[in-house]
Each structure stands twice: as C-alpha cells, then as structure tokens.
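In this chain, numbering begins with 1 at the start of the sequence shown.
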Amino acid sequence: MATSSETEPKSFKEASQSDKWIKAMNAEIKALKANHTWILTNLPPNKYAIGWKWVYKVKHKVDGSIERYKTKLVAKGYTQIEGQDYLDTFSPMAKITIVRLLLAL
C-alpha cells in the first residue's frame, strides 16, 4: 500500500504558496457562487461580519495515492452573539423513519 507524505497546510499563508491548494480554493469559491451561497454585499450600519477560515484536506484513494486536494470555506459562527447577530435557533428534526423504528422497538 502506497502512502502519501503530503501534509495539509495549517494556515492560508502556507496554502497560498502551493498552486494545487490555490486551485482547490478557487474551485471552492466557484462552487459557492454556482450554488448561490456566496454573495458579496455591503453590511448594514453598526454591523460586523463574522470571521471565516479555510479548512484543508488531502483526499486519498484506497491504494493511498492522492485523489484530490479539498478545501472548505467555513464561517466562525461561534463569534456570533444571540440577539445581536441572530434571533432564532433551530433544533434538529427527527426523520419519520427513525420515529417508526423507535416505536417498533
């Protein structure tokens, strides 16, 4: 079994020095725009944007060779303040198949 010695960058500064990670980041931004989940806009007065960061992952095939370089742009939602940045929270919903399984048991 072949193993890769490729390491995942810990910061944007590290990733931006490699063409393969830059391509992966560009592909992620392109996908966000295509899915209409990325819109640049102006903030209302007295509001601040929450932070974000890149998460890097090397995906491997079964034989250990590199399949692709995957990046995700994630929001630092833990910096939000209830009542100021958001008003409602939502609970996860139970699927009907899970409810039926529990009732059957």
Side-chain angles (χ1 to χ4, degrees):
M1 176 184 239
T3 57
S4 171
S5 63
E6 184 75 28
T7 59
E8 297 162 356
K10 302 290 184 218
S11 67
F12 175 79
K13 185 176 181 180
E14 282 181 43
S16 64
Q17 296 173 1
S18 172
D19 287 338
K20 55 192 164 214
W21 289 111
I22 291 172
K23 287 180 185 176
M25 289 186 284
N26 287 335
E28 173 70 1
I29 290 175
K30 186 177 177 181
L32 289 171
K33 287 180 180 179
N35 292 329
H36 304 290
T37 55
W38 177 269
I39 300 170
L40 291 179
T41 185
N42 295 323
L43 288 171
N46 302 322
K47 296 292 180 181
Y48 300 95
I50 61 172
W52 53 270
K53 73 175 193 168
W54 286 101
V55 177
Y56 306 97
K57 187 75 177 167
V58 177
K59 296 291 187 173
H60 296 278
K61 294 180 183 177
V62 176
D63 65 358
S65 62
I66 295 175
E67 180 179 350
R68 66 185 172 124
Y69 297 91
K70 176 131 174 84
T71 61
K72 289 189 276 186
L73 187 62
V74 296
K76 295 181 180 178
Y78 55 84
T79 62
Q80 293 178 316
I81 301 168
E82 185 177 3
Q84 180 178 341
D85 297 319
Y86 65 94
L87 299 174
D88 296 323
T89 57
F90 299 93
S91 299
M93 298 293 293
K95 293 182 181 179
I96 192 67
T97 54
I98 300 297
V99 173
R100 286 182 184 158
L101 174 69
L102 291 174
L103 290 174
L105 293 175

S.K.: When hydrophobic residues are tied together by side-chain contacts of less than 4.5 Å, even through go-betweens, does Trp52 share a cluster with Val55?
M.R.: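 Hydrophobic grouping puts Trp52 apart from Val55.
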S.K.: Roughly how far, to the nearest 0.5 Å, is CH2 of Trp54 from NZ of Lys72?
M.R.: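 Answer for the NZ-CH2 pair, Lys72 versus Trp54, is 12.0 Å.
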S.K.: Main chain of Ala15, side chain of Ser18: is a donor-acceptor contact present, judged purely on distance under 3.5 Å?
M.R.: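 A pair under 3.5 Å: no.
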S.K.: Assess whether side-chain contact (heavy atoms from CB on, under 4.5 Å) is satisfied between Val58 and Tyr69, documenting all intermediate values.
M.R.: CA-CA 5 Å; Val58 177; Tyr69 297 91; 4.0 Å; yes
S.K.: With rounding to the nearest 0.5 angstrom, report the CD1 to CD distance, Ile22 to Gln17.
M.R.: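 Output value for this atom pair is 9.0 Å.
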S.K.: Measure the spacing between OG of Ser16 and CE of Met25 and express it to the nearest 0.5 Å.
M.R.: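 Between atom OG of Ser16 and atom CE of Met25 there are 6.0 Å.
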S.K.: Would a distance-only check, ignoring hydrogens and angles, find a side-chain to backbone donor-acceptor pair under 3.5 Å from Thr71 to Tyr56?
M.R.: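 Judged by distance alone, no pair lies under 3.5 Å.
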S.K.: Please name the pair of heavy atoms, one in Lys57 and one in Trp21, separated by the smallest distance, quoted to 0.1 Å.
M.R.: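 Here Lys57 and Trp21 meet closest at O-CH2, 3.6 Å.
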S.K.: Can you tell me if Asn35 uses its side chain to pair, donor with acceptor, with the backbone of Thr37 under 3.5 Å?
M.R.: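 Looks like no, no N/O pair under 3.5 Å.
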S.K.: Within this structure, what is the CG-CD1 distance for the pair Leu101 and Ile96, rounded to the nearest 0.5 Å?
M.R.: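 One finds 11.5 Å between CG of Leu101 and CD1 of Ile96.
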S.K.: Any idea which heavy atoms bring Glu67 and Lys61 closest together, and the distance?
M.R.: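 Taking Glu67 first and Lys61 second, the nearest heavy atoms are CB-CG, 3.8 Å.
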S.K.: Please evaluate residues Lys59 and Ile66 with respect to the criterion side-chain contact (heavy atoms from CB on, under 4.5 Å), reporting the C-alpha separation (whole Å), side-chain torsions for both, the decisive distance (0.1 Å), and the verdict.
M.R.: CA-CA 6 Å; Lys59 296 291 187 173; Ile66 295 175; over 6 Å; no
